[in-house]
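Questions regarding the structure given below will be posed in turn.
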Amino acid sequence: MPELPEVETICKYLRDGTETSPSILGYVIQSAQVLWPRTLATPDVDEFSRRLPGQSIQSINRRGKFVILSLTRNTLLIHLRMSGDLLVEAGDLAPALHHRMLINFQNGLRLAFNDTRKFGRVWLVDKPEQVTGDLGPEPLDEGFSAHDLYLRLQASRRQLKPLLLDQSFLAGLGNIYADESLNLAQLHPLENSQHVSETQAERLLDAIRRVLNEGILRNGASIDWVYRGGDFQNYFRAYDREGQPCLECGTLIQRIRVGQRGTHFCPKCQKLAE
DNA sequence: ACGAGCGCCTGTCGGC
DNA sequence: TGCCGACAGGCGCTCG
């Protein structure tokens, strides 16, 4: 799934629960099972399984695309990468086909990490900064200003699309929301970051925030086999809309390849400055 | 400092 | 129908 709005949606689901699923705050861990060992970035399976039992879930937060579960003594970080998902379910069910890790609680429920493509990773560490230390600012953080963004753009000379995907530049954007943000801000994905004016930087941050907030409001986007009820995919402006009319001017959306990622934009609204 | 290419995985889709 | 390549919401690693 995961870009910032989808990860935020999952955090909310775990923290607040839903009509059919409880919050896991305060749940006490009884045991852990790692069904696909490479899921575990650190420590090894033995130590992981030894340290978790007895700890409880103190808080659930997001930083960039990381889900962060603060436990009694340690911190559990989960990155869903391309196809990961977190589910609260009955502890006596047979593990589903793509379940990679199970955290069993004392109350008979469990947290399941489902990840078809096996790219997802889990860390159990003492300090979350050990994992999230290189992340750039949070785009929705009020303390992060358009001027801050402008200075960061000036400090680089990269193309905007790869820059927005770089988690050390800005945390949380992925391929969908980068395309959507650039389209709304009317900036070309290949534009050099040093050519972006202060006014354009303001427009870009505003666009990023609008797109992310709308994604969160709609519980993220649901595509293919990963479905959580989010419907932001019905409101895409550019992503996955090759050959369809731009919502602004009717010009057909183009798809190009940028840094091996499919990139969608309107050739009329998003002009290269050069 | 930066971009390109590839590896990691499974599944789906379109073309032949 | 079957096979095969391209592609997918991510990221870390090489290599120029």
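Letters A, B, ... are given to chains in the order of the sequence lines, protein chains preceding strands, and every chain is numbered from 1. Basis for what follows: all heavy atoms, side chains included, without hydrogens, waters or symmetry-related copies. The model shown is predicted, which means the values in this text are computed figures rather than measured ones.
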Inset, instruction - Please confirm whether the backbone N or O of A:Leu135 pairs with a side-chain atom of A:Gln167, one donor and one acceptor, at under 3.5 Å? - result: no

Legend entry - Nearest-angstrom distance from the residue atom CG of A:Leu165 to P of B:dG3: 11 Å

Legend entry - Atom-pair distance (CZ on A:Arg117; P on B:dT12), nearest Å: 12 Å

Inset, instruction - Check whether any side-chain nitrogen or oxygen of A:Ser83 sits under 4.0 Å from OP1 or OP2 of C:dG9, and answer yes or no. - result: no

Legend entry - Residues A:Arg51 and A:Asp126 bridged, charged N to O under 4.0 Å: yes

Legend entry - Donor-acceptor pair, side chain of A:Arg62 and main chain of A:Gly64, under 3.5 angstrom: yes

Legend entry - Watson-Crick or G-U wobble mate for B:dC9, both contacts under 3.5 Å: none

Inset, instruction - State the pairing partner of C:dG9; accept Watson-Crick or G-U wobble contacts with both distances under 3.5 Å, and report none otherwise. - result: none

Legend entry - A:Arg261 CZ to C:dG10 C1', straight-line distance once rounded to whole Å: 6 Å

Inset, instruction - To the nearest Å, give me how far apart CD (A:Gln159) and C1' (B:dA4) are. - result: 11 Å

Legend entry - Gap separating the CG atom of A:Asp115 from the CH2 atom of A:Trp36, nearest 0.5 angstrom: 10.5 Å

Inset, instruction - Taking only the side-chain nitrogens and oxygens of A:Lys65, find out if one of them lies under 4.0 Å from OP1 or OP2 of C:dG10. - result: yes

Legend entry - Nucleotide C:dC11, atom P - distance to CZ of A:Arg121 in whole Å: 12 Å

Inset, instruction - For the side chain of A:Arg157, starting at C-beta, report the closest nucleotide among C:dG10, B:dG11, B:dC2. - result: B:dC2

Inset, instruction - Verify the contact: side-chain N or O of A:His98 to OP1 or OP2 of B:dC9, cut-off strictly under 4.0 Å; return yes or no. - result: no

Inset, instruction - Would you mind reading off the distance between A:Tyr177 atom OH and C:dA8 atom P, rounded to a whole angstrom? - result: 17 Å

Legend entry - Separation between the P atoms of C:dG5 and B:dG7, rounded to whole Å: 15 Å

Inset, instruction - Check whether the aromatic ring of A:Phe119 stacks on the base of B:dC8, taking stacking as ring centres less than 5.5 Å apart and planes within 30° of each other. - result: yes

Inset, instruction - Salt-bridge test for A:Lys12 and A:Glu8: reply yes if a basic N is under 4.0 Å from a carboxylate O, no otherwise. - result: no

Inset, instruction - Could you tell me the separation between the CE atom of A:Met82 and the P atom of C:dC11, rounded to a whole number of Å? - result: 10 Å

Inset, instruction - Could you give the distance separating C:dG9 and B:dG3 at their C1' atoms, to the nearest angstrom? - result: 22 Å

Inset, instruction - Would you tell me if any nitrogen or oxygen in the side chain of A:Arg100 comes within less than 4.0 Å of OP1 or OP2 on B:dT10? - result: no

Legend entry - Sugar-phosphate only, base, or nothing, as touched by A:Gln167 at under 4.0 Å among non-hydrogen atoms: sugar-phosphate

Inset, instruction - Please check the phosphate of C:dC11 (OP1 and OP2 only) for any side-chain N or O of A:His79 closer than 4.0 Å. - result: yes

Inset, instruction - Spell out yes or no: do the side chain of A:Glu3 and the base of C:dG9 have one donor N/O and one acceptor N/O closer than 3.5 Å? - result: no

Inset, instruction - For B:dG3, take OP1 and OP2 only and decide whether either is under 4.0 Å from a side-chain N or O of A:Arg158. - result: yes

Inset, instruction - Looking at every strand, decide which applies to A:Tyr239 at a 4.0 Å heavy-atom threshold: base, sugar-phosphate, or nothing. - result: sugar-phosphate

Inset, instruction - Would you kindly give the CD-to-P distance between A:Gln260 and C:dA8, to the nearest whole Å? - result: 11 Å

Inset, instruction - May I ask you to evaluate whether A:Lys118 reaches the phosphate of B:dT10, defined as a side-chain N or O under 4.0 Å from OP1 or OP2? - result: yes

Legend entry - Backbone N/O of A:Gln260 and side chain of A:Arg257: donor-acceptor pair under 3.5 Å: yes

Legend entry - Atom P, compared across C:dC3 and B:dC9: separation rounded to whole Å: 25 Å

Legend entry - side-chain N/O A:Arg38 vs B:dC9 OP1/OP2, d < 4.0 Å: yes

